[in-house]
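Note sheet for the following structure.
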Number of protein chains: 2
Amino acid sequence: MSVKDRFGHIPAVMVGDKFDSYVEMHAIGLHNRVQGGISGVARQGAESIVISGGYEDDQDFGNEIIYTGQGGRNEAGKHISDQQLKRGNQALVVSEIEGLPLRVIRGADRNNKFAPETGYRYDGLFRVESHWWETGKSGFKVWRFRLLELDGGAVENVNSGGPTEPTPAGNNTMPARVSSTVQRIVRDTTLARYLKYYYDHKCQVCGTRLESAGGPYIEAAHVRALGRPHDGPDDWGNIICLCPNHHVMFDLGIFSIADDFSLIGIDGKLNVKNGHIIGLEHLAYHREHFLNPLNKTLPES
Amino acid sequence: MSVKDRFGHIPAVMVGDKFDSYVEMHAIGLHNRVQGGISGVARQGAESIVISGGYEDDQDFGNEIIYTGQGGRNEAGKHISDQQLKRGNQALVVSEIEGLPLRVIRGADRNNKFAPETGYRYDGLFRVESHWWETGKSGFKVWRFRLLELDGGAVENVNSGGPTEPTPAGNNTMPARVSSTVQRIVRDTTLARYLKYYYDHKCQVCGTRLESAGGPYIEAAHVRALGRPHDGPDDWGNIICLCPNHHVMFDLGIFSIADDFSLIGIDGKLNVKNGHIIGLEHLAYHREHFLNPLNKTLPES
DNA sequence: ACCATCGCCGTG
DNA sequence: CACGGCGATGGT
């Protein structure tokens, strides 16, 4: 992927920067549309949106936004048909599935206390947490997206209902609940994204490819984990493509991989394509530190 | 589960509270050991640890701790055998798998700048992010655990190597990298934990049970999502037990569930045990809002 | 009933 | 301050 990445921050544009018009944002590369709220490519993901009060159903909570998809309206802005899961809507689903960062730009809107008074303002990166559809008052279907702000831990404070439970201990025994029992926070690199396409979004262990309406889902896994103390590199030779089940199994050491790519712990062999050179030293590291040792004590039940 | 929960904050104990001795922490229920760094039950999870410099291999970075397991040492504290994955060590693995919060207490240690000068201090809740084993200088095996602080978004700032990349945009196109391509942040409720045991850690769709050395892995999924705008309840009738693959598929609307528990979108039927009363209104909500509609546009490849 | 434990308080 | 013995508690 020598193509430069459309996703994430734009050089020289700071969070909070203001703009007068769409064309200005288009010229600088912040929002690649002269008209239209969603900028993106259907099967590759969305890179930016503008929220400017065009849809009454939108809800803005600052670090959390409920955003409405595009389409299904006539020139007068009236809903006359179901919104389809294509173009910008599908792009947002792909962004959710691939974990891509989404630039959010707020336009002036008197009814939104988070909007600027005039013009447009770049408000930083969000992620698409989920999508669903609703049948509006018009009787037609609309797509909706829940966006959560990245960075600064704002995501942690997005709770259902009332104000966030205070951090200090005192009353209850569990930490404040978040919106889901399991949160998959995917922060994708360009590299990981390319790997997924390279393997056609199929698990290198079992070939599974999870097909959603928005596109296929698969996960990129580091062989030698990034960060302390493993300090694995974030490069081509250190990532493999796994379905969620095998990703969990790999991280928990239920199986590992031999130098000839046969699997240890479970039957099978890792499917490795020609151009994908996996670092054998990383495989060795995983075997030496993560594979369940023979002296393990198995739980009784 | 009428048993009171050992996990999470302790009533009346605030983060930062100080104590003079183990017996004091034991009396108040903060750390259920008179001697011993890890408090927990092997197959049920660990609820608290004390880090006080007893192990030289421990590394403390404030919101990130590399903690060493127990065992394999003689009375003089010398390593004389491999550490086994049982007792406290297995309890920490279960806490990782189940996503349980871990109370962290720091004891005085001149070599640790995050430790209190004297006595012990309750430093709040962490999660067990991963575990692995190393062969120490003694030639014997030790278990290690990576702990990340919960709350306040401190976790977001834990990067490998140098200082955290500044939040404002400017140079690169991707958000700051975190330690893993996929982060599973599991915040478990007592309810969800009980459900997992109720179904013997088996997926209600495919019966899969992922067996790690520390114990089985499964995920609890909300049928109607918590939080805005769905506002599903966090109760027994709104959670089901799914393997990671089917959890992703359910959240993405690849399949849904009919009132007779037959699956829509894929073949099969949800296995529902007698005592588990699932709210049919929640199933209906999922079908009405998340199941991929028929007018979906499938990706070409 | 046994056993293991990142403590604790004496001595030197 | 290092070392050794004492010691209770809860998991196994």
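Chain naming here is simple, since letters A, B, ... match the order of the sequence lines and numbering starts at 1 in each.
- Here B:G77 lies out of heavy-atom contact (under 4.0 Å) with every strand.
- Taking the six-membered ring where the residue is Trp, the centroids of B:W133 and A:F290 are separated by 6.0 Å or more.
- Checking B:H131 against B:N89 by side-chain atom types alone, no donor-acceptor pair falls below 3.5 Å.
- In this entry C:dC6 has no Watson-Crick or G-U wobble partner, no candidate having both defining distances under 3.5 Å.
- If you find the closest nucleotide of DNA chain D to B:R110 and to B:N32, the one lying nearer the 5' end belongs to B:R110.
- Inspection of the B:H246 and A:N245 side chains reveals no N or O donor paired with an N or O acceptor under 3.5 Å.
- The aromatic ring centroids of B:H31 and B:Y120 lie 6.0 Å or more from each other.
- The CD atom of B:Q44 sits 11 Å away from the C1' atom of D:dG11 (whole-angstrom rounding).
- With no hydrogens or angles considered, a side-chain donor-acceptor pair links B:T68 and B:D58 at under 3.5 Å.
- Summarising the geometry, the separation between CG on B:N74 and C1' on D:dC3 is reported as 13 Å, rounded to the nearest angstrom.
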Discussion item. How would you summarise protein contacts on nucleotides 1-12 of chain C per nucleotide, using B for base, S for sugar-phosphate only and - for none, with heavy-atom distances below 4.0 Å?
Written reply: ---SBBBS----
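- Residue contacts shown for B:A42 are limited to sugar-phosphate atoms, with no base heavy atom under 4.0 Å away.
- Searching all strands for a Watson-Crick or G-U wobble partner of C:dT11 with both distances below 3.5 Å returns D:dA2.
- At a cut-off of 3.5 Å, with distance as the only test, no side-chain donor of B:S52 or B:D109 sits close to an acceptor on the other residue.
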